[in-house]
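These notes concern the structure reproduced below.
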Amino acid sequence: MRLLGFALGLSLVLVAVAVVVAVGLERSLSPDPDDRAGGDEPGSNELQDLPKLPPQVDDPREVLPEALHRRPIDYVALGDSYSAGPGLDPQRPDPVACQRSGYNWPAYLADWLDVATYRDVTCTGATTGALLGRQRRPDGTLVPPQIEALTDRTDLVTVSLGGNDNALFATLVGVCSDVADRDPDGDPCRTEFGGSGGADRALAELPVRLAVVIRRIRLAAPSAEVVVVGYPQIFPRTGTCAEISLAAGDVAWAAGLVDRVDRAMLQAAETEGVRFVDVAASGEGHDVCAPQPWVTGARSEPEASTPWHPYPLGMREVARLVTTQLTGEEVVPSGGPPQLGRGVAEANDTP
């Protein structure tokens, strides 16, 4: 009888552990209520309640209007870690929790456009919800809504968000790495999260969330030109390499998911009539396995970014692509740090 009771108790414990693991994996692709101290990510109901604005451009690849170049530009950068630059020196203290580099691509863009004022409120871990509500960082820091950096005097806004919604990128580089040992040559992560209840659901919601973000930006900065900037190519479309910690069969699937995030960004930009810079298409062949990668892989390297984030080269190249598309003139990076004027550097703090 004791043996039977022990076996029953052990079975219940194992079932409980399995449930906890399953719930944890499911939540990795579900909204985290602590991501926004102020509420959930934006959705279709909110979009319907916002006034539809006339398009700024007919073609998302259009250059900036000539008139903008003839006056002092007030520039605000919004976005997540692929704009902020975690791990890249120098790290700014405003706040430290955002892991924002002074040498990220928005800083280069501010330099090369010779803007008059510049505010960078990009923050590592930001979701679309962080634009409209406070963002809670792992150390407990509450970051103000990024949209608060905008004013009616803002002339130019870049925004790059979406990969962190529903923990999509965190799942790709975290959970997918953890489950790779189950089937190193197979596709355990796609099997676990690739269905309608996981990544597909997360991506289906993204275009509307991004459309709300764009419309909110335009309402908060009615004079500003808005530019959505896509993500670089992270994973190779075929094959794998030592820099990747995913199972071999999951790599092409992961590359496809990042492509789908970019397509959601383009769809939202087209719907709302603003510009879009397709970084992945222009930077094809610079994934983590490439001879000249723009993004680090799973291993941390001295003087490089946090794993799975842009190298200094990647930051300069993204800035080059954005500047070239917005001005219509090819930019050749010098390789040096951003050269911001004194007034611009002082305005580089959050309000």
Side-chain angles (χ1 to χ4, degrees), residues 14-36 40-44 80-82 124-130 138 160-210 230-241 243-268 280 287-289 295-298 306-309:
L14 291 175
V15 169
V17 170
V19 169
V20 168
V21 171
V23 169
L25 291 174
E26 169 65 21
R27 285 179 177 173
S28 69
L29 276 174
S30 301
D32 182 352
D34 290 333
D35 280 349
R36 277 185 72 198
D40 297 328
E41 276 76 7
S44 57
D80 58 24
S81 57
Y82 273 72
T124 295
T127 64
T128 53
S160 185
L161 287 167
N164 290 323
D165 278 43
N166 288 352
L168 183 63
F169 279 8
T171 298
L172 288 181
V173 302
V175 179
C176 289
S177 297
D178 293 340
V179 302
D181 289 341
R182 295 182 188 173
D183 186 5
D185 295 322
D187 55 354
C189 204
R190 185 187 66 81
T191 301
E192 186 81 37
F193 302 113
S196 59
D200 287 349
R201 181 196 59 185
L203 288 163
E205 299 167 350
L206 192 54
V208 172
R209 291 182 180 183
L210 290 167
Y231 292 98
Q233 183 182 357
I234 303 172
F235 302 98
R237 306 195 191 287
T238 59
T240 187
C241 65
E243 302 298 325
I244 295 180
S245 51
L246 280 64
D250 279 328
V251 177
W253 172 74
L257 287 185
V258 178
D259 286 343
R260 290 170 66 185
V261 172
D262 277 329
R263 287 198 295 272
M265 298 169 85
L266 172 60
Q267 180 181 337
D287 57 78
V288 299
C289 294
V295 178
T296 61
T306 298
W308 301 110
H309 285 85

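Just so you know, these numbers use all the heavy atoms, side chains as well, and skip hydrogens, waters and symmetry mates.
For the pair N166 and E205, the minimum side-chain heavy-atom distance is below 4.5 Å. For the pair W253/D187, no side-chain contact is recorded, criterion being any heavy-atom separation below 4.5 Å from C-beta on. The side-chain heavy atoms of R263 and P207, taken from C-beta on, include no pair separated by under 4.5 Å. Side-chain atoms of L246 and T240, non-hydrogen and from C-beta on, never get closer than 4.5 Å to each other. A heavy-atom distance below 4.5 Å is not found between the side chains of V251 and C289.
Distance check: F235 CZ to L172 CG gives 5.0 Å after rounding to the nearest 0.5 Å. Put simply, CZ on R209 and OG1 on T127 are 8.0 Å apart, with the number rounded to the nearest 0.5 Å. Atom OG of S177 is separated from atom CH2 of W308 by 6.0 Å, given to the nearest 0.5 angstrom. Here C176 contributes atom SG and E192 contributes atom CD; the two are 9.5 Å apart, rounded to the nearest 0.5 Å. D250 CG to L257 CG: the interatomic distance, rounded to the nearest 0.5 Å, is 9.5 Å.
Ring orientation note: the planes of F169 and Y82 are nearly perpendicular, at an angle over 60° on the 30°/60° scale.
With V261 as reference, L168 is the one residue of L210, L266, L168 to meet the side-chain contact (heavy atoms from CB on, under 4.5 Å) rule.
The two residues A255 and P236 come nearest to each other via the heavy atoms CB-O, 3.6 Å. Heavy-atom minimum distance, A126 versus N164: O-ND2, 2.9 Å. For the residue pair V288 and V295, the shortest heavy atom distance occurs at CG1-O, 3.4 Å.
Listed by chain and residue number, D259, E284 satisfy the salt bridge (Lys or Arg N to Asp or Glu O under 4.0 Å) test with R237 (two or more places apart in sequence, or in another chain). Qualifying side-chain contact (heavy atoms from CB on, under 4.5 Å) partners for P307, counting only residues two or more places apart in sequence or in other chains: S300.
Remark: side-chain polar atoms of D183 are not paired, donor with acceptor, to backbone N or O of A247 under 3.5 angstrom. When atom types are taken as modelled, the side chain of S81 and the backbone of G125 share no donor-acceptor pair closer than 3.5 angstrom.
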Inset, instruction - Please assess D80 against Y231 for the test side-chain contact (heavy atoms from CB on, under 4.5 Å), listing each intermediate value before the final yes or no. - result: CA-CA 10 Å; D80 58 24; Y231 292 98; 2.5 Å; yes
Inset, instruction - Tell me, with the steps shown, if Q233 and D262 meet side-chain contact (heavy atoms from CB on, under 4.5 Å). - result: CA-CA 10 Å; Q233 183 182 357; D262 277 329; over 6 Å; no
